[in-house]
Amino acid sequence: MNDHVMYKYINVIIHSLCLQGGSTSGGDIPEVLLQERGGRARWHGIPVLLRRLYEHSQPNGDLVQAHVVLKELSPLLSSEAMSFVTEDRKSAQESTFPNTYTFDLFGGVDLLVEILMRPTLTTEKKPQMSDDLIKDCLSVLYNCCICSEGVTKSLASRSDFVLFLFTLMTNKKTFLQTATLIEDILGVKKEMINLEAIPNLAGLVQSFDQQQLANFCRILSVTISEPDLGHDDKHTLLAKNAQQRRNGSPSQAEVNQVTILNIPGFIERLCRLATRKVSEATGASDFLQELEDWYTWLDNALVLDALMQMATAEAEHSSAESSDESVLAASPLRQRLPQSMKVVHEIMYKVEVLYVLCVLLMGRQRNQVHRMLAEFRLIPGLNNLFDKLIWRKFTSSNHVLHGQNQNCDCSPEISFKIQFLRLLQSFSDHHENKYLLLNVQELNELSAISLKANIPEVEALVNTDRSLACDGKKGLLTRLLTVMKKEPPDSSFRFWQARAVESFLRGATSYADQVFLLKRGLLEHILFCIIDSGCKSRDVLQSYFDLLGELMKFNIDAFQRFNKYVNTEEKFQTFLTQINSSLVDSNMLVRCIVLSLDRFESQTDDMRVMEMLSECLLLSYLARVENRLSFLFRLINIINVQTLTQENVSCLNTSLVILMVARRRGELPSYLRALREKEYTERYPGCLLNNFHQLLRFWQRHYLNKDKDSTCLENSSCIPFSYWKETVSVLLNLDRASPCAIASYIDPAYMELDQELMDD
């Protein structure tokens, strides 16, 4: 009998025992048979050990002996898990972990679940399980999950077991192993867990000390984030809209966000975790190399936390809220750990905490979260950490990239910085609390700019509670600008830095905000990056184009600075080449120039404006109708309804801006005629206009039901949304006698206007 046949035979025996109410762990399989076959099949005695574990773990068994047996089993599985963690996990196959396979085959996983849950399944008096036995059961299950996704999925399918695991988190001695196992299980669970189903969740969370709460954030991140749709066709706006219509009610992630926000003191404690300082007793000259060496080995968070837990155990500090730094500093093990270990530990926790706060900031309860973050002084706290922890002066600009994807910055230090920048972006985006990123002196500077320009201060600035603003000589936004200028041209940080600064400008255009940034040399820095730095990263260039658009919009001072920097035809052509190389990336800047030009041309009584209109190469270029039409042709041609995403839908809105400006000037028919002529020149009659008609029909369905998106369009363009809707309706008019209707410019033979959009 070969091994394959033997495995099938064993499975038949196990299955028959299940039907008879017996164990799945090989408890009734003859030990002689297990030993005889085990030697030839290289089972390493696992089936025999499982038989003994089953016998000792029964209600009347000896749990001490059961623990002894489990300790014999554990090294056989942990060695495979460690090899998986330290080697290339991407290429590893489950077949390369025979001990894990054998353990699961003979019911070891089910047996450990049964042992753990037995106290909840019977009312009979039973021996108390030791914390060490529980920890070892959890560790073995975790090691199996590392090596076998099948085991992880099997555990994830048992909702009773998943909820039971949360009850084990009340015990500090078993918390770490429990949290790590839950995190792995939830990562593969098909249906998102309902946090309200966890028994006494509020009491559980409130019982956590700060270190446990930080660990718990790793679990929360899975339960409050919408599932990643990936980069397939489900990522399109068409698919997203259809999915939202099918779902109707709030998603489970949104429900979980409300649940967690209702826990008293939760946000306050997260703010304290995010802003607490790390005591650093040694110098940092070799920190980066030390950090990198440790991170290579400590790629798995469990190993790092286990070491820190050992150090904590020696100190045995009982305070639930203390960061334990003073006590741990005296711990012998703590002294033997490298200094960077403490910093990495704190950084990894802060990454998870900032991520949770970022998700909550983007959710439906955004205003509630904003009030809490302001009240608990998150921004001033992060400002105080900026130089010492978040962006230390000795941080290397040569980022080390891990994993097969060389575009993925995933070391703790880099992840921390990116998560910090994402938080700033979410915090500032279209919200009046953005002014908390400044200190009192900088807020006064904004007021002075408005006064000098003889314009009223924006209401949000007037309403800002200055006691909640940043402390010190510089606010957080100014500190960010300082490090932004020092980044290498293709640094991955540049993208996120630009996004964070752009979010401060987004919304209704504020002249004072723009001038505040112009005075700090931001426009010249952006132009250097686009024209002179040799930057090749499309993501970085896109973020800089978007930022430049927000910085220059309607601002004559910005256009003067642009003209001063781009002072040769060679520089201007380089700038145009960058714009034309990818309109998806640069169209927001094109929109800004079109809108600004339209406003400036209405201010002919202002001599500064008239001089700028005649001198600025950029404004002169877009003033020519043929150049606007060239952009319009390409914007319509590079998108269609089936390929629209959140990233490229801006091309549709920019094309609409060009046509709204033309309509306001009575030039819309000439633009539509030009589109028709372009079709015939390219020998594709009807193609461009039919596509545009379909896009506008989608636009109606997408924007007319979304108040937030429509408000953003109105604020960013200073064009009432009613005029957006009216223009789209005029273009979609099916009356072929209308000179402003697309249908009037498509020959009947090429009409496709009666086709329905594919919603599903």
Side-chain angles (χ1 to χ4, degrees), residues 502 505-506 508-509 511 514 523 526 530 542 544-560 562-563 566 572 575-576 578-580 582-604 609-610 612-639 648-672 674-675 678 692 695-696 699 712-721 723-724 726-728 730-731 740:
E502 183 209 348
L505 291 171
R506 290 181 68 183
T509 303
Y511 173 80
Q514 291 173 322
L523 185 137
I526 295 172
I530 295 174
Q542 179 189 4
Y544 271 56
F545 280 130
D546 291 349
L547 176 55
L548 185 61
E550 292 295 337
L551 188 62
M552 295 181 66
K553 191 192 305 173
F554 309 131
N555 193 307
I556 194 70
D557 300 330
F559 278 90
Q560 286 178 328
F562 177 92
N563 219 35
V566 186
F572 183 65
F575 185 73
L576 279 183
Q578 291 282 45
I579 288 179
N580 287 314
S582 177
L583 265 185
V584 172
D585 298 330
S586 62
N587 80 89
M588 293 294 287
L589 176 61
V590 173
R591 188 191 308 182
C592 145
I593 302 166
V594 170
L595 288 168
S596 300
L597 179 61
D598 182 57
R599 175 174 293 190
F600 294 155
E601 288 179 339
S602 68
Q603 299 172 340
T604 53
V609 172
M610 293 304 296
M612 183 51 52
L613 286 174
S614 62
E615 295 174 1
C616 182
L617 293 173
L618 190 57
L619 291 174
S620 299
Y621 184 83
L622 261 295
R624 293 194 285 273
V625 174
E626 63 269 23
N627 291 331
R628 292 197 201 193
L629 284 171
S630 175
F631 281 125
L632 182 63
F633 298 150
R634 292 164 58 202
L635 286 168
I636 296 174
N637 207 35
I638 58 180
I639 52 175
N648 62 26
V649 71
S650 57
C651 294
L652 175 56
N653 289 321
T654 298
S655 66
L656 263 176
V657 165
I658 294 174
L659 292 177
M660 283 191 293
V661 171
R663 179 182 172 226
R664 200 150 55 188
R665 298 179 176 188
E667 300 172 353
L668 184 55
S670 65
Y671 276 68
L672 294 177
L675 288 175
K678 179 71 172 177
F692 191 41
L695 286 166
L696 292 180
W699 187 96
C712 290
L713 286 180
E714 182 170 288
N715 287 340
S716 65
S717 64
C718 290
I719 297 175
F721 189 65
Y723 195 76
W724 285 78
E726 187 181 307
T727 302
V728 172
V730 167
L731 288 166
C740 294

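These numbers come from the heavy atoms of this one structure, side chains and all, not from hydrogens, waters or symmetry mates. Throughout, residue positions are numbered sequentially from 1 according to the sequence presented.
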Minimum heavy-atom distance [X]-[Y], with the two atoms named:
X: Arg664; Y: Asp598; result: NH2-OD2, 2.6 Å
X: Ser596; Y: Met552; result: OG-O, 4.1 Å
X: Phe554; Y: Leu595; result: CE2-O, 3.5 Å
X: Ala558; Y: Leu523; result: O-CD1, 3.6 Å

Could you walk me through whether Asn653 and Trp724 pass side-chain hydrogen bond (donor to acceptor under 3.5 Å, both in side chains), step by step?
CA-CA 9 Å; Asn653 289 321; Trp724 285 78; over 6 Å; no

Atom [atom1] of [X] and atom [atom2] of [Y]: how far apart are they, to the nearest 0.5 Å?
X: Leu635; Y: Cys651; atom1: CG; atom2: SG; result: 5.5 Å
X: Leu629; Y: Leu675; atom1: CG; atom2: CG; result: 7.0 Å
X: Met612; Y: Met610; atom1: CE; atom2: CE; result: 12.0 Å
X: Thr727; Y: Tyr723; atom1: OG1; atom2: OH; result: 4.5 Å
X: Leu505; Y: Leu548; atom1: CG; atom2: CG; result: 11.0 Å
X: Asn648; Y: Ile638; atom1: CG; atom2: CD1; result: 7.5 Å

Distance flag, aromatic centroids of Phe559 and Phe600, threshold under 6.0 Å:
yes

For the residue pair Phe562 and Phe575, is the inter-centroid distance of their aromatic rings smaller than 6.0 Å?
yes

Walk me through whether Arg506 and Asn715 qualify under side-chain hydrogen bond (donor to acceptor under 3.5 Å, both in side chains).
CA-CA 9 Å; Arg506 290 181 68 183; Asn715 287 340; over 6 Å; no

Residues forming a side-chain contact (heavy atoms from CB on, under 4.5 Å) with [X], sequence neighbours excluded:
X: Pro669; answer: Arg673, Pro739, Cys740, Tyr745
X: Glu667; answer: Ala662, Arg665, Ser670, Tyr671
X: Asp585; answer: Arg538, Gln542, Ser582

Please list every donor-acceptor pair under 3.5 Å in which a side-chain atom of residues 615-628 meets a protein atom from a residue at least two apart or in another chain.
residue : atom : partner : partner atom : Å
Ser620  : OG   : Cys616  : O            : 2.9
Asn627  : ND2  : Tyr621  : O            : 2.8
Arg628  : NE   : Leu622  : O            : 2.8

Does the side-chain contact (heavy atoms from CB on, under 4.5 Å) test come out yes or no for Ile579 and Val590, once each step is laid out?
CA-CA 8 Å; Ile579 288 179; Val590 173; 4.1 Å; yes

Residues passing the side chain to side chain donor-acceptor pair (under 3.5 Å) test with Glu502, sequence neighbours excluded, are Arg499

State which residues pass side chain to side chain donor-acceptor pair (under 3.5 Å) with Gln514; sequence neighbours excluded, sorted by chain then number.
Asn555

Do [X] and [Y] have side-chain heavy atoms sitting under 4.5 Å apart?
X: Thr654; Y: Leu583; value: no
X: Lys553; Y: Arg591; value: no
X: Asn580; Y: Phe631; value: yes
X: Thr604; Y: Leu613; value: no
X: Leu668; Y: Leu731; value: yes
X: Leu652; Y: Ile636; value: no

